[in-house]
There are 4 protein chains.
Amino acid sequence: MEFKSQQAIYIQIADHICEKILRNEYQSDEKILSIRELAIDVSVNPNTVARTYEYLEEQGIIYKQRGIGYFVAKDAITKILLLKKECFFREDLPWLFKNMRLLGIEFSELQEKYTRSTDI
Amino acid sequence: MEFKSQQAIYIQIADHICEKILRNEYQSDEKILSIRELAIDVSVNPNTVARTYEYLEEQGIIYKQRGIGYFVAKDAITKILLLKKECFFREDLPWLFKNMRLLGIEFSELQEKYTRSTDI
Amino acid sequence: MEFKSQQAIYIQIADHICEKILRNEYQSDEKILSIRELAIDVSVNPNTVARTYEYLEEQGIIYKQRGIGYFVAKDAITKILLLKKECFFREDLPWLFKNMRLLGIEFSELQEKYTRSTDI
Amino acid sequence: MEFKSQQAIYIQIADHICEKILRNEYQSDEKILSIRELAIDVSVNPNTVARTYEYLEEQGIIYKQRGIGYFVAKDAITKILLLKKECFFREDLPWLFKNMRLLGIEFSELQEKYTRSTDI
DNA sequence: GTGGTCTAGACCACC
DNA sequence: GTGGTCTAGACCACA
């Protein structure tokens with residue numbers, strides 16, 4: 001796994017897990033990798049993964065069972081969508097539109113790029 | 001001037017100056033506020049503004065004259081647009097599209113929000 | 001470490017590090033002293049070393065890993081040589097030759113001094 | 001007149017005057033431009049030229065007559081040569097040689113550049 | 001532990 | 001007046 005330097009690694013790992021959940025690669029109540037396993041998997045310090053799990057747990061996306069591990073919450077997808085959409089419409093979109101106007105980018109240009117982009 | 005806590009203040013000041021230039025509130029070769037003046041103006045430490053100016057100078061957006069002050073570079077607008085557009089199309093847009101698909105947001109919804117938004 | 005008063009300390013520290021790299025005292029991807037360690041080592045304020053590292057990072061000579069430290073870039077030697085040679089041939093040498101002619105110094109005199117000098 | 005940003009303008013002006021003297025464009029006891037004239041000539045603040053003249057006077061290269069102006073000292077050429085040569089052999093050459101060895105530049109390369117350079 | 005940022009205040013060279 | 005540099009010390013996020 002490659003990390004951008006501009007964003008905290010623990011956040012990037014969290015996003016990665018959220019995307020997996022959204023793509024149904026994890027089922028509800030499915031056990032996810034242990035902190036140590038994931039740490040080795042993505043080559044970071046276990047503390048960093050612990051931080052990720054703590055962060056996801058705060059948001060109710062995963063839950064832990066002491067001595068066993070971390071599990072995907074039942075309504076994880078709902079919660080992720082709620083959180084991300086809220087942020088998307090409140091922060092990301094206004095910022096996007098402001099930049100478009102400042103940079104003189106037409107909406108039609110956006111549409112063209114969108115239809116052409118197929119990577120998910 | 002209000003600052004968000006998530007981003008470095010010196011960057012926010014730099015962005016603010018760039019936006020002013022893009023809006024033609026500064027002419028080419030026009031002298032901008034001195035470090036101390038701007039520091040008082042936005043209520044930060046002069047060192048912080050110095051960091052902003054140093055940062056903008058690196059990018060060729062402003063230049064300095066010894067003992068006189070900082071000035072807007074001739075092709076400042078061009079440079080800002082180049083930098084911001086490059087980042088916009090390389091990073092911001094792909095990220096936007098990826099999120100839209102993950103969150104199940106239709107493009108038509110985007111268009112609606114755009115036409116309704118008028119803040120610049 | 002002794003500093004000349006005429007040049008910024010953070011630049012002198014940077015030059016010192018570059019020379020170490022050129023002399024192969026540092027390997028590629030080797031971790032260099034932390035900001036605080038080097039600050040104590042050369043008896044300056046940590047901020048000054050931070051400035052040095054930031055300066056070297058801009059030039060691609062070192063890179064950083066969040067929360068871990070700074071490391072020597074893979075092609076650090078190449079980059080240093082490129083930067084220094086470019087400056088040497090573009091600025092230093094013409095200035096040298098101009099001065100020699102102005103001061104009436106023969107090239108043979110230069111050669112004699114060179115062969116006699118052994119300090120590196 | 002064009003100025004490099006890296007060196008103080010008053011020093012660059014002083015060097016320029018010294019070179020003129022070395023090229024015999026000024027005679028002994030010849031009056032040089034007044035502070036205001038030269039300031040207009042090279043487009044700088046008169047204070048800066050005043051600083052230049054003060055600097056040259058300290059070194060005995062020019063002298064002033066109150067109310068009349070500044071004049072080239074009798075032994076100006078001798079003094080300039082003395083100062084510059086001393087600096088050249090004590091500071092510039094050792095620094096040059098050190099850099100050559102660090103950068104792996106052969107002396108023969110220097111010789112070639114020298115014979116080819118004809119600009120004075 | 002690491003680096004990043006900010007403040008406060010100082011001194012300097014330069015214009 | 002201008003910017004440049006340095007110190008001291010603080011707080012923060014991150015690994």
Side-chain angles (χ1 to χ4, degrees), chain A residues 3 5-14 35 39 42-52 54-55, chain B residues 3 5-13 31-39 42-55 57 62-71, chain C residues 3 5-13 31-39 42-55 57 62-71, chain D residues 3 5-14 35 39 42-52 54-55:
Chain A
F3 298 107
S5 64
Q6 56 182 3
Q7 200 177 18
I9 291 176
Y10 84 95
I11 297 279
Q12 296 182 54
I13 297 174
I35 289 180
V42 297
S43 309
V44 301
N45 192 299
N47 286 334
T48 306
V49 178
R51 185 84 190 265
T52 296
E54 181 190 3
Y55 171 72
Chain B
F3 298 109
S5 64
Q6 56 182 1
Q7 200 177 18
I9 291 177
Y10 83 94
I11 299 280
Q12 296 182 52
I13 298 174
K31 185 176 179 303
I32 61 179
L33 291 182
S34 78
I35 288 180
R36 288 166 174 88
E37 285 170 344
L38 184 51
V42 297
S43 309
V44 299
N45 189 287
N47 283 335
T48 305
V49 178
R51 209 143 153 57
T52 296
Y53 282 9
E54 188 183 1
Y55 171 72
E57 194 191 11
I62 61 177
Y63 64 92
K64 67 174 166 239
Q65 288 191 352
R66 299 181 68 122
I68 301 178
Y70 279 91
F71 299 80
Chain C
F3 298 109
S5 64
Q6 55 182 2
Q7 201 177 16
I9 290 177
Y10 82 93
I11 299 279
Q12 296 182 52
I13 297 174
K31 183 177 180 302
I32 62 180
L33 291 182
S34 77
I35 289 180
R36 288 166 175 89
E37 285 170 345
L38 184 51
V42 298
S43 309
V44 300
N45 189 287
N47 283 334
T48 306
V49 178
R51 209 143 152 56
T52 296
Y53 282 8
E54 188 183 0
Y55 171 72
E57 195 192 10
I62 62 177
Y63 65 91
K64 68 174 165 240
Q65 289 191 352
R66 298 179 70 119
I68 301 179
Y70 280 91
F71 300 80
Chain D
F3 298 107
S5 64
Q6 55 183 3
Q7 200 177 16
I9 290 177
Y10 83 94
I11 297 280
Q12 296 183 53
I13 297 174
I35 288 180
V42 297
S43 310
V44 299
N45 191 299
N47 285 334
T48 306
V49 177
R51 184 84 189 266
T52 297
E54 179 189 4
Y55 171 72

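Labels below follow one simple rule: chain letters A, B, ... track the order of the sequence lines, proteins then strands, and each chain is numbered from 1. Values reported hereafter were calculated over all heavy atoms of this structure, with side chains retained and with hydrogens, waters and symmetry mates removed.
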Notebook entry, point to check: E:dG3 P sits how many Å from C:Glu54 CD, rounded?
Noted result: 13 Å
Check: Just how far, in rounded Å, is P of F:dC14 from OH of A:Tyr55?
Finding: 10 Å
Checklist line | Earlier contact from the 5' end, DNA chain F, for C:Arg51 and C:Arg66 | finding: C:Arg51
Next item on the list: Answer yes or no: is there a donor N or O on one side and an acceptor on the other, between the side chain of D:Gln12 and the main chain of D:Gln7, under 3.5 Å?
Entry: yes
Margin query: If I take atom CD1 in residue C:Ile35 and atom C1' in nucleotide F:dC14, what distance separates them, rounded to the nearest angstrom?
Written below: 14 Å
Next item on the list: Look at the side chain of A:Ala8 and decide which nucleotide, out of E:dT7, F:dG4, F:dC14, has an atom nearest to it.
Entry: F:dC14
Item checked: Minimum-distance nucleotide (side-chain atoms of D:Tyr10 versus E:dT5, E:dC14, F:dT7) -> E:dC14
Notebook entry, point to check: Does the side chain of B:Leu33 come within less than 4.5 Å of B:Tyr53's, by heavy atoms?
Noted result: yes
Item checked: Nearest-nucleotide pick for C:Ser34, side chain only, options being F:dT7, E:dT2, F:dA15 -> E:dT2
Margin query: Looking at C:Thr52 and C:Tyr10, would you say the former's side chain and the latter's main chain have a donor-acceptor pair under 3.5 Å?
Written below: yes
Note to self: With nearest nucleotide decided by heavy atoms, which residue, C:Ile32 or B:Ile9, maps closer to the 5′ end of DNA chain E?
What the structure shows: C:Ile32
Item checked: Closest nucleotide among E:dC15, F:dT7, E:dT7 to the B:Asn45 side chain -> E:dT7
Next item on the list: On DNA chain F, check which nucleotide each of C:Ile68 and C:Arg36 is closest to and give me the residue with the more 5' one.
Entry: C:Arg36
Notebook entry, point to check: If you check every side-chain atom of B:Thr48, which of E:dT7, F:dT2, E:dC14 has the closest atom?
Noted result: E:dT7
Notebook entry, point to check: In whole angstrom, what separates C:Phe3's CZ from F:dT5's P?
Noted result: 15 Å
Notebook entry, point to check: B:Lys64 has a side chain; which of E:dG3, F:dG9, F:dG4 sits nearest to it?
Noted result: F:dG4
Margin query: Just to be sure I understand the rule, does A:Val44 reach a base, reach only the sugar-phosphate, or reach nothing, if contact means heavy atoms closer than 4.0 Å?
Written below: nothing
Notebook entry, point to check: Within the modelled atom types, does a donor on one side and an acceptor on the other bring the side chain of C:Asn47 and the base of F:dG9 under 3.5 Å apart?
Noted result: yes
Margin query: Taking 4.0 Å as the cut-off, does a side-chain nitrogen or oxygen of C:Tyr70 come that near to OP1 or OP2 on E:dG4?
Written below: yes
Next item on the list: Write down the distance between CD (C:Gln6) and C1' (E:dC12), rounded to a whole number of angstrom.
Entry: 15 Å
Notebook entry, point to check: Rounded to whole angstroms, how far apart are OH on C:Tyr53 and P on E:dT5?
Noted result: 17 Å
Checklist line | Length of the CD-C1' vector between B:Gln12 and E:dT5, whole Å | finding: 12 Å
Margin query: Partner lookup for F:dG4, please. Criteria are Watson-Crick or G-U wobble with both distances under 3.5 angstrom; report none if nothing qualifies.
Written below: E:dC11
Next item on the list: State whether the side chain of B:Arg66 and the backbone N or O of D:Ser5 hold a donor-acceptor pair below 3.5 Å, judged by distance alone.
Entry: yes
Notebook entry, point to check: In whole angstroms, how far is the P atom of E:dC15 from the CD atom of D:Gln7?
Noted result: 10 Å
Note to self: For a side-chain contact (heavy atoms from CB on, under 4.5 Å) check, start with the C-alpha distance between C:Ile9 and C:Val42, then their side-chain angles and the critical distance, and finish with the verdict.
What the structure shows: CA-CA 10 Å; C:Ile9 290 177; C:Val42 298; over 6 Å; no
Check: Which sits closer to the 5' end of DNA chain E, C:Leu33 or B:Gly67, going by the nucleotide each is nearest to?
Finding: C:Leu33
Check: Rounded to the nearest 0.5 Å, how far does CZ of C:Arg51 lie from CG of C:Asn45?
Finding: 12.0 Å
